[in-house]
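A quick write-up on the structure given underneath.
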Amino acid sequence: MSIKDNIKKVRDNVYEVPGSVNKKMRASGRLYLDDESFEALEDGAIDQIVNIACLPGVHRYAIGLPDIHFGYGFPIGGVAAFNEKNGIVSPGGVGFDINCGVRLIKTNLKQADIEDKLDELIEALFKNIPSGVGSKGKIKLKENEIDDVLNFGAEWAVENGYGWKEDLEVLEENGRIKEADSAKVSDKAKRRGIPQLGSLGSGNHFLEIQVVDEIYNDEVAGVYGLEKGMVVIMIHSGSRGCGHQVCSDYLRVMDKAYKNHQIDLADRQLACAPFDSREAQDYLKAMYAAANYAWANRQMMTHWIRETFEDILGKSAKDMEMDIVYDVAHNIAKQETHKFKGNDIKLVVHRKGATRAFGPGSEEIPEKYREVGQPVLIPGTMGTASYVLHGTQTAMEETFGSTAHGAGRVLSRSQAKKDYKPEEIKNTLAANGVKIRATTENVIAEEAPGAYKDVDSVVKISDSTGIAKLVAKVKPLAVTKG
DNA sequence: ATGTGC
């Protein structure tokens with residue numbers, strides 16, 4: 001008997017986990033999957049959806065997105081919203097890499113403009129943007145400056161010469177959540193954050209030079225400033241050791257808190273506290289601070305990417321129109337107001353491996369994108385395509401304005417190393433015309449595309465269910481890996 | 001993801 005026997009299909013590519021599977025459930029679950037990925041999904045990830053649906057104040061349903069897979073407490077590729085009145089906040093619902101996210105930068109260059117400079121460009125990017133496990137940034141942050149980074153995020157970066165003032169307009173939250181409070185971040189997290197600011201990280205984090213390969217929606221692509229054949233740059237990076245430490249610190253706090261507040265948990269990894277408790281409020285302020293760190297981090301890398309293109313191509317970044325298209329968070333919880341049965345409900349929306357996909361008219365998105373919905377950036381795996389989608393009204397109604405964030409892992413790192421040889425992967429990439437520069441051979445095997453679910457199908461399910469709609473496909477020309 | 005184990 002599998003938990004899947006209890007699940008019924010609601011409509012094409014949407015499954016429901018009934019609230020009756022377990023007596024403790026306070027809501028039902030929803031899974032956005034096609035039949036094939038539903039069959040392939042591990043029961044453990046569905047168990048996690050059931051566990052979340054048992055948490056206090058869970059609103060409507062616990063959601064599994066097309067890239068759902070088993071994670072720490074909460075699945076990755078999931079959304080859960082908890083009512084501020086009687087609900088909880090949980091670090092496991094955000095994950096370790098707070099504000100791991102994606103930024104897309106456009107140019108006015110065509111592939112032909114950079115073709116003979118591509119080797120030089122990727123080599124210089126690899127050199128100018130520190131990457132790898134434990135990598136350190138190249139700036140020397142003063143002890144007291146880390147508080148400004150945590151409290152002001154990308155604003156701090158721009159004020160300190162990293163990038164343009166107008167960059168801030170096209171970042172989720174304008175690159176700074178004002179409720180952040182560095183006083184709630186431990187000294188240990190700050191100590192880890194200080195040397196790492198302005199670095200890419202490792203694993204599936206990357207920096208890619210890409211070309212727009214296909215346009216699915218001319219109108220929206222036009223609004224986002226994208227056209228076929230355009231060279232773009234994508235950054236996939238997070239809050240490094242700083243966010244990791246904030247998560248670890250508050251998991252410990254919450255492990256005590258849930259007992260003190262007498263919250264019944266199906267899994268200790270769901271450790272949480274009531275929204276209005278001191279523990280939850282402290283976590284939110286610290287988590288927002290780590291999110292700000294990640295926005296500052298991507299902002300600094302943006303600056304060095306522009307400098308690198310200027311150096312190699314001999315034109316100014318302004319002349320190359322290296323504007324940011326958008327920047328999205330993939331791991332974050334936010335206080336948001338959502339409509340339900342005609343009422344405004346205040347929720348803490350936990351997105352773990354999920355992209356905000358606010359639809360047309362949302363005041364939270366830049367004015368220039370408001371008529372078409374926000375850009376949704378979904379990275380592929382090494383050497384494969386990435387996608388730009390737009391947020392929709394359907395997402396607002398069904399998924400708290402959220403959609404998938406990428407290709408979920410299907411092989412563990414160790415398994416990937418057994419199954420793939422770095423040399424093979426490099427040859428395959430080369431055959432597809434993709435250049436790669438990585439810190440280690442190891443990471444190339446660990447990040448083999450075969451170790452991940454196909455991003456194309458993830459995006460297709462998002463598009464067909466309407467929780468985000470396709471705008472453009474971009475394909476890599478060259479990639480750097482940490 | 002991560003000073004890739006406390």
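Here is the naming used below: chain letters follow the sequence lines, and residue numbers restart at 1 for every chain.
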Interatomic distance, A/Phe96 CZ vs B/dG5 P [rounded to whole Å]: 13 Å

With sequence neighbours left out, what residues match A/Tyr293 under ring-ring contact (aromatic ring centres under 6.0 Å, His included)? none

Measure the distance from NE2 on A/His244 to C1' on B/dC6 and round it to the nearest whole Å. 13 Å

When the distance from NZ of A/Lys188 to P of B/dC6 is rounded to whole Å, what number comes out? 9 Å

Parallel, tilted or perpendicular: ring planes of A/His350 versus A/Phe74, cut at 30 and 60 degrees: parallel

What does A/Gln196 touch in the nucleic acid at a heavy-atom separation under 4.0 angstrom: a base, only the sugar-phosphate, or nothing? sugar-phosphate

Does A/Gly203 reach a base, just sugar-phosphate, or nothing at all? Heavy atoms under 4.0 Å. sugar-phosphate

May I ask you to check if A/Lys184 and A/Tyr283 form a cation-pi contact, with NZ or CZ under 6.0 angstrom from the six-membered ring centre and within 45° of the axis? no

A/Asn99 CG to B/dT2 C1': how many Å, rounded? 16 Å

Integer-rounded Å distance: B/dT2 C1' and A/Ile98 CD1: 12 Å

Sorted by position of nearest nucleotide on DNA chain B, 5' first, the leading residue of A/Arg409 and A/Val133 is A/Arg409

Within the pair A/Ser248 and B/dT2, is there a side-chain N or O less than 4.0 Å away from OP1 or OP2? no

In this structure, how many angstroms lie between the C1' atom of B/dT4 and the CD atom of A/Gln415, rounded? 17 Å

Can you find a side chain N or O atom of A/Arg413 that sits less than 4.0 Å from OP1 or OP2 on B/dT4? no

Would you mind reading off the distance between A/Ile76 atom CD1 and B/dT2 atom P, rounded to a whole angstrom? 13 Å

Among residues at least two apart in sequence or on other chains, which ones pass ring-ring contact (aromatic ring centres under 6.0 Å, His included) with A/Tyr32? none

In whole angstroms, how far is the C1' atom of B/dT2 from the CG atom of A/Asp249? 13 Å

